[in-house]
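What follows is a set of notes on a single structure, which appears directly below.
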Amino acid sequence: KDQEESFRYFCVSAALGYTGAIYSKAVCYEVGQGVEKDSDEALRLYRLAAEKGNPYAICKLGVMYETGDGVEEDQVEAVRLYRLASAQGDMDGHCRLAVCLKEGLGVATDVDEALRLFHIVAETGDPDAQARLASCYLEGAGVVRDPAMALYWYQQAVNQGDVDAMARLAICYSGGEGVTQDYAKAVELFRSAAEAGDADAQCRLGACYESGEGVPVDMAQACYWYRKSADNGYPSAQCRLGACYEHGVGVAVNVEEAAGWYRKAADQDHDDGYCRLALCYLSGSGVEINREEAVRLFSKSASTGDAYSQYYLAGVMRMEKEYLESTSLRHQGGTETSDQDDPYALFALGQLYESGMGVDSIDIIEAMRYYKRAAKVGSESAIEHIPTLKNLYEEAVWSNRKAFLLFLASYQFIYRPAAPGATLAHLPDYAAPDPDVVHTVFHIEEMRREIMSFL
């Protein structure tokens, strides 16, 4: 009844043109407070209030454009609106604009201005701004790195109950950043944040119980907190919980359950999740053996620089190459085919030579030979890929001679001495070429003819 009465008064005041009432009326429609929820009407009213200059409505519209809530996502428009709100002194506008400036979201990065805005809002006691300002001091973003100052601002935010700041401050105590290392204090803060539902803190608290940092080792408690965090969708915890099930640490062994948690992490593009699930597919732990899926998952993680995945992928690719060559191929080199040629194996070998995985080095010529053989025995993948590869290298040849030379060098085509009569004049326009390098490069036209005739 009170909410309905409040909404009635907002309507009366809004009809008189009071922008604060228009904004409040929009909020009511957005959340269904005192009136039936109506997102379209809420958006219309937010726009109306913003057009009349209400800073809260302007900032709210910015949030909607940033998140794509009811409008098409547009980070640049969001920044424009945050600037308008900030220009009127709106603290939320200050803080959101600062985040965009710090991260370069919809605007050129400007950490100095971001720091200035965070300071303004933090001084008013806003815990989110205080935590973000602390991060700037910890990272050295826009200011000389100062862990002690970071600790101060994290503590200010923690004093107001900011959960994220609790977890960040705990990390400082755990690592001795700006303060004497104190695992017990770190655990205390992690626990407070974890009990408030922070997934990162729940995972870190579980790790404390697993490692014995700040608390006695207790794998049952470690699994308890890993599960809490995993249930909240935190991929690191999902991997850790999966490992507990895989190895029977703190819980009974259950490889199917382990694979299930690894999959949940992999579904969030988590490198460790990709790698662990790939190992399951490689060994048949909790899933059926599937080498192709293992390679696909290792490749996803390896492409981001994950060392473990790169190591495993290289090993799998080398084994795959040996397997393919021994079981499916009857000709070494050349482009002839036979009834025994396997299209999948030929295409897969082409991929290995193109990527350099499982072979000594990238070799595009050898890759193309295998692709052509695969195409001749009906590989649709090869038929589709050959024109793409050809276009790629034709462009490298014709667009820029210098780029072509470097391109060839990078793919290790340059193995023989310069062709008879080759001189520096035959090379592309090249700033101060090194004679020790030049003598290994045969005539550019000879290279072009050889590569292009093959492609």
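Worth knowing before you read on, the calculation uses all heavy atoms, side chains too, and leaves out hydrogens, waters and symmetry mates.
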Any side-chain heavy-atom pair from Arg80 and Val76 closer than 4.5 angstrom?
no

Any donor-acceptor pair under 3.5 Å from Glu210 side chain to Ala222 backbone
no

Show, in sequence, the C-alpha distance, side-chain angles and deciding distance for Arg369 and Lys372, and conclude whether the side-chain contact (heavy atoms from CB on, under 4.5 Å) test is met.
CA-CA 5 Å; Arg369 286 196 178 103; Lys372 284 190 171 184; 5.9 Å; no

Test side-chain contact (heavy atoms from CB on, under 4.5 Å) on Glu246 and Leu279 and set out the steps.
CA-CA 12 Å; Glu246 183 177 5; Leu279 288 170; over 6 Å; no

Between Asn232 and Tyr234, is there a donor-acceptor pair closer than 3.5 Å when you use the side chain of the first and the backbone of the second?
no

Find out whether Phe298 and Leu282 are in side-chain contact, i.e. whether some heavy atom of one side chain is under 4.5 Å from a heavy atom of the other.
yes

What distance do Cys28 atom SG and Lys25 atom NZ have between them, rounded to the nearest 0.5 Å?
9.5 Å

Kindly compute the distance separating CD (Gln75) from OG1 (Thr67), expressed to the nearest 0.5 Å.
9.5 Å

In the structure I gave you, are the side-chain heavy atoms of Arg96 and Val63 within less than 4.5 Å of one another anywhere?
yes

Carboxylate-amine/guanidinium proximity below 4.0 Å for Arg168 and Glu177
no

So among Asp272, Asp271, Leu277, which one has a side chain to side chain contact (heavy atoms under 4.5 Å, CB included) with Cys239?
Asp272

Please determine whether the number of non-hydrogen atoms from other residues, nucleotides or ligands lying under 6.0 Å from atom OH of Tyr18 exceeds 12.
no

Closest heavy-atom pair, Glu72 versus Tyr65, reported as atoms and distance to 0.1 Å, is O-CD2, 3.5 Å

Polar side-chain atom of Gln130 near backbone of Trp153 as donor-acceptor pair, under 3.5 Å:
no

Are Gln88 and Ile58 packed together at the side-chain level, in the sense that at least one heavy-atom pair is separated by less than 4.5 angstrom?
yes

Show the nearest heavy-atom pair for residues Arg83 and Val107, with the distance to one decimal.
NH2-CG2, 3.4 Å

May I ask you to test the Glu66-Leu81 pair for a side-chain heavy-atom distance under 4.5 Å?
no

What's the shortest heavy-atom distance between Val71 and Arg47, and which atoms?
CG1-NH2, 3.6 Å

Is Arg132 salt-bridged to Asp128, cutoff N-O under 4.0 Å?
yes

Centroid separation Tyr23 to Tyr46 less than 6.0 Å:
yes

Check whether Ser229 reaches the backbone of Tyr226 with its side chain - one donor and one acceptor, N or O, closer than 3.5 Å.
no

List the steps, then state whether side-chain contact (heavy atoms from CB on, under 4.5 Å) holds for Val287 with Val255.
CA-CA 8 Å; Val287 295; Val255 291; over 6 Å; no

Please round to the nearest 0.5 Å and tell me the distance separating atom CD of Gln238 and atom CG of Asp267.
9.0 Å

What's the separation between atom CD in Glu257 and atom SG in Cys244, rounded to the nearest 0.5 Å?
11.5 Å

Salt-bridge criterion met for Arg116 and Glu113 (N-O under 4.0 Å):
yes

Provide the closest heavy-atom pair for Tyr29 versus Glu36 in the form atom of the first, atom of the second, distance.
CD2-O, 3.7 Å

Spell out, as yes or no, whether a donor-acceptor pair under 3.5 Å connects the side chain of Ser86 to the backbone of Tyr82.
no

Any donor-acceptor N/O pair, Arg145 side chain to Leu138 backbone, under 3.5 Å
yes

Do you know the tightest heavy-atom contact between Leu241 and Cys223?
CD1-O, 4.1 Å

Please assess Glu188 against Arg191 for the test salt bridge (Lys or Arg N to Asp or Glu O under 4.0 Å), listing each intermediate value before the final yes or no.
CA-CA 5 Å; Glu188 176 189 329; Arg191 191 182 305 281; over 6 Å; no

Is there side-chain contact between Glu30 and Met64, with at least one heavy-atom pair below 4.5 Å?
no

Counting N and O atoms only, with roles assigned by atom type, does the side chain of Ser211 sit under 3.5 Å from a partner on the main chain of Ala207, one being a donor and the other an acceptor?
yes

After noting the C-alpha distance and the side-chain angles of Met91 and Thr124, does the key distance pass the side-chain contact (heavy atoms from CB on, under 4.5 Å) rule?
CA-CA 9 Å; Met91 292 298 136; Thr124 69; 4.0 Å; yes

Separation of Ser379 OG from Glu384 CD (nearest 0.5 Å):
8.5 Å

Donor-acceptor pair, Gln160 side chain versus Gly125 backbone, under 3.5 Å?
yes

Which atom names give the shortest non-hydrogen contact between Ala278 and Leu297, and what distance separates them?
CB-CB, 3.7 Å

Within this structure, what is the CD1-CG distance for the pair Ile22 and Asn54, rounded to the nearest 0.5 Å?
8.0 Å

Answer whether the closest heavy-atom distance between the side chains of Val377 and Arg373 falls below 4.5 Å.
no

